[in-house]
Amino acid sequence: MCFSALGKQDYKKTRPMLRATRLKAEAKKTALGVKEVALVLAAILVLLLAFYAFFYLNISNEVDLDLDPDEN
């Protein structure tokens, strides 16, 4: 007897409630997680740091060549 009462509760849900539940589940599937956002931001940060380091090292090497004390 208890099982039939539990089964009938699903039928009592209204259509808008069922639709809202379905839309909520679909939104969870398609939403970006925190991990994905963090990975993308970390990748961008690494690329920017590599770009900065490349040019910083090139400029600092040129400055060292210009300040060669043996030229004078």
Side-chain angles (χ1 to χ4, degrees):
M1 288 183 146
C2 291
F3 295 114
S4 62
L6 292 175
K8 289 182 181 179
Q9 286 180 354
D10 289 338
Y11 294 111
K12 290 181 182 179
K13 289 184 179 177
T14 61
R15 281 190 146 193
M17 285 179 66
L18 291 173
R19 184 170 182 256
T21 306
R22 182 174 45 84
L23 289 174
K24 195 179 202 182
E26 286 178 9
K28 275 187 179 180
K29 286 180 187 176
T30 59
L32 286 177
V34 176
K35 272 186 185 179
E36 287 84 6
V37 172
L39 284 173
V40 168
L41 289 176
I44 291 171
L45 183 64
V46 166
L47 289 174
L48 285 175
L49 286 174
F51 187 74
Y52 174 78
F54 175 75
F55 283 107
Y56 177 78
L57 291 174
N58 277 346
I59 290 172
S60 65
N61 286 341
E62 289 175 8
V63 170
D64 288 343
L65 293 175
D66 291 341
L67 297 176
D68 193 11
D70 295 334
E71 282 185 2
N72 293 340

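The model shown is predicted, which means the values in this text are computed figures rather than measured ones. Note that these values count all heavy atoms, side chains included, but never hydrogens, waters or copies made by symmetry.
- Using cut-offs of 30° and 60° for the angle between ring planes, the Tyr56 and Tyr52 rings count as parallel.
- For Phe54, there are no ring-ring contact (aromatic ring centres under 6.0 Å, His included) partners at least two apart in sequence or on another chain.
- The side chain to side chain contact (heavy atoms under 4.5 Å, CB included) search around Val37 returns Leu32, Leu41, not counting sequence neighbours.
- No more than 12 heavy atoms of other residues, nucleotides or ligands lie within 6.0 Å of CZ in Arg19, so this atom counts as exposed by the packing criterion.
- Considering Val40, Leu47, Val46 in turn, Val40 is the only one that fulfils the side-chain contact (heavy atoms from CB on, under 4.5 Å) rule with Ile44.
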